[in-house]
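Below is one structure, written out as structure tokens, with a few remarks after it.
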Amino acid sequence: MNDTIQNKLAILPDEPGCYLMKDRQGTIIYVGKAKVLKNRVRSYFNGTHDGKTQRLVSEIEDFEYIVTSSDLEALILELNLIKLHDPKYNIMLTDDKTYPYIKITNEKYPRILTTRKVKKDKAKYFGPYPNAGAANETRKLLDRLYPLRKCARLPDRVCLYYHLGQCLAPCVKDIEPKIYDEMIEEISRFLNGGFEDVKLDIEKKMLEAAENLEFERAKEFRDQITHIETVMQKQKMVTGDLSNRDVFGYAVEKGWMCVQVFFVRQGKLIERDVSIFPIYRDSEEEFLTFVGRFYDIPEHIKPKEIFIPSQIDKALLEKYLDVKVIIPKRGSKKELVDLAMKNAQIGIREKFQLIERQEERTVGACEALGNAMEISPPLRIEAFDNSHMHGTDAVSAMVVFVDGKPAKKEYRKYKLRETAKHDDYGAMQEVIRRRYTRVLKEDLPLPDLIIIDGGKGQMEVAREVIEDELGLFIPIAGLAKDNKHNTSQLLYGDPPVPIEMKRTSDGFYLLQRIQDEVHRFAITFLRQQHQTHAIQSVLDEIEGVGPKRKQQLLKHFGSIKKIKESSVEELMKAQIPSATAAAIYNHFHKDSLSTE
């Protein structure tokens, strides 16, 4: 613990608020809230913690705090700060499932659609449904019952749906908006659990039609009733009412939390959401934060009410979510919460071994690598590789691994500008200089470790740039390969020496993945460059084909082989003038033309 942290801990206030933990580069890595800031923040630096909490604490070099007037304000502020900074140690709430919904569009002549994307477009969304089949069945049923528009674009004449009585034909008729408003209101009632009332209305119409001897019409109403019963009553009822609600349950074990959410729609359990993540404070506080963020995901539409376990602060959630929050005490509703809690307990036990293994192969591998090299765990690693095609098309590539996992958005490709052919050392110097000059200029995060795909010479030229030119002190390691091009050993130190690591260890496996990835990325870029230059050099020989035409051909055909095989007509489809297309065709078919 450094002096800055010690001094700040001594003057922490005895009030509610939020705290922001920062690493050595000033990046916010964790945001939390506390009823009493003094107690909560000090708890991170006092006593013993499990491995992952200790990992968080080991990265904290500074912290800030914001005092609030209440616990509710602290929760709201915490959620907003997490949105703003996206700290790496906070719960990463991403919806890996997309549930189908029924959508009534916000148009002059509305339509009923099924969709997996919920947008802020003033449309009405109903769901989620357990699968696309259930959503489509319900939509088709509504299409039979309510004659809303079916066409994406209005045609200039009536279609089959009009003749079937399933569309009012707004394409050729003026339909009063009131008619659509009434249908939308009835559809909304239907989808919110009122389908039994709709069925009763249709039964009345069926009886009236039968009394008037309109047997065909009575049969249509009977078929509609059958469809409603088939589609809407397939699933087992789980509660005695038709309410829409989300039921939350959670379990905690070894510093991890599993939250299970049951989606209950029209009284039926249709789907569940499972999230599992590490926690760094009281489970009740982590659960509150999770639920508060759960409805930030557009697909998670807030129902009329939610059920939560008894130990959670109901009033706080109710104020923040602006939704009815219930802690069931008895009966089927409490059984539903108990079921969610039980599933969460089962889920965390089943997945815990897999999570531990994943931790070992990612962050754990970084720690093992740091121990072997006697440096701090390299949680951010940047690796470089050079590649060329017999001295031409020289390129370099950089890959980034964060917490033992590839961060592909941060990968970079480099076309070498200054380096002479066959100068591997010059290439490494150029790309290292360009990369870290930019990092310093734009205040980007510095790596904990730089890995060079090469030996002592490559490491030395990289060190000259990093230390002598730029004044940075970042560990630099080299990766050597054996005669079968497999990762052989890690070189580190001054002078560089091999670092002993078991081939079967997670740390060594991480090095293999990094070396394979940077080599793959560099080779892919090299092939792209070589193909581009090959196509351009061949096309340079053809009169009338300048840079713009070459770009058109490359974009359209992708390879020189396909251009050679193309007819004049196919070349013209790439927006090449007929005379130029004929010149290209003749250039690649000189031999065949001369023999004719």
Side-chain angles (χ1 to χ4, degrees), residues 83 93-155 159-162 164 166-168 170-171 175 177 179-195 198 224 227-228 230-235 242-247 261-275 293-306 321 323:
K83 279 185 196 175
L93 265 186
T94 54
D95 194 20
D96 56 353
K97 299 177 186 175
T98 54
Y99 302 106
Y101 290 78
I102 287 179
K103 173 181 180 178
I104 303 177
T105 62
N106 179 38
E107 299 172 283
K108 183 178 179 181
Y109 305 119
R111 295 173 292 154
I112 301 177
L113 309 172
T114 53
T115 181
R116 290 182 182 271
K117 291 185 178 179
V118 177
K119 301 177 182 177
K120 294 181 179 179
D121 54 4
K122 296 184 179 179
K124 290 182 180 289
Y125 292 88
F126 302 89
Y129 286 81
N131 52 60
N136 286 327
E137 275 188 290
T138 307
R139 178 183 56 79
K140 288 175 184 176
L141 170 61
L142 293 170
D143 280 337
R144 290 171 180 263
L145 298 175
Y146 302 99
L148 293 183
R149 175 165 69 98
K150 306 294 186 293
C151 306
R153 293 183 178 179
L154 287 178
C159 64
L160 179 61
Y161 288 114
Y162 172 73
L164 291 172
Q166 295 183 21
C167 182
L168 297 177
C171 51
I175 312 297
I179 294 174
Y180 283 106
D181 291 342
E182 288 173 354
M183 278 197 286
I184 290 172
E185 187 177 340
E186 196 164 329
I187 292 168
S188 300
R189 183 163 61 96
F190 183 101
L191 291 172
N192 283 323
F195 61 87
V198 174
Q224 288 179 355
H227 283 301
I228 291 174
T230 302
V231 173
M232 304 305 291
Q233 298 188 20
K234 278 186 175 180
Q235 294 167 288
L242 298 176
S243 297
N244 291 347
R245 57 175 62 99
D246 291 344
V247 181
V261 188
F262 289 163
F263 297 121
V264 179
R265 299 296 180 265
Q266 300 168 29
K268 305 174 185 70
L269 174 58
I270 64 163
E271 186 55 275
R272 71 170 176 171
D273 181 274
V274 183
S275 299
R293 297 184 65 204
F294 188 75
Y295 295 104
D296 286 341
I297 296 174
E299 285 75 16
H300 295 165
I301 299 175
K302 273 194 291 189
K304 290 185 176 181
E305 60 189 30
I306 66 171
L321 292 178
V323 70

- Message: K108 vs L154, test: side-chain contact (heavy atoms from CB on, under 4.5 Å). Steps then yes/no.
- Response: CA-CA 11 Å; K108 183 178 179 181; L154 287 178; over 6 Å; no

Results of side chain to side chain donor-acceptor pair (under 3.5 Å) for [X] - residues two or more places apart only:
X	value
E107	T105, R111, R149
Q166	none
Y161	none

(Q) Whether the side chain of K302 engages the backbone of L321 through a donor-acceptor N/O pair (distance < 3.5 Å, no angle test) should be reported. (A) yes

### Query
How about K124: does its NZ atom have over 12 heavy atoms from other parts shown lying under 6.0 Å from it?
no

Open item on the list: Is it true that, when you exclude Y162 itself, more than 12 heavy atoms of the residues, nucleotides or ligands shown sit nearer than 6.0 Å to its OH?
Closed with: no

Reported [atom1]-to-[atom2] distance for the pair [X] and [Y], which is rounded to 0.5 angstrom:
X	Y	atom1	atom2	value
C151	Y109	SG	OH	13.0 Å
L168	M183	CG	CE	4.5 Å
K103	T114	NZ	OG1	11.0 Å
I184	N106	CD1	CG	8.5 Å
I306	F294	CD1	CZ	9.5 Å

side-chain contact (heavy atoms from CB on, under 4.5 Å) assessment of I187 paired with L148
CA-CA 11 Å; I187 292 168; L148 293 183; 3.7 Å; yes

- So, do I104 and Y146 sit near enough that their side-chain heavy atoms are less than 4.5 Å apart? no

What is the ring orientation for H300 with F263, classed by angle as parallel under 30°, tilted 30 to 60°, or perpendicular over 60°? tilted

Practice task
May I have the step-by-step check of side-chain contact (heavy atoms from CB on, under 4.5 Å) for T115 and Y125, ending in yes or no?
Solution key: CA-CA 9 Å; T115 181; Y125 292 88; 3.9 Å; yes

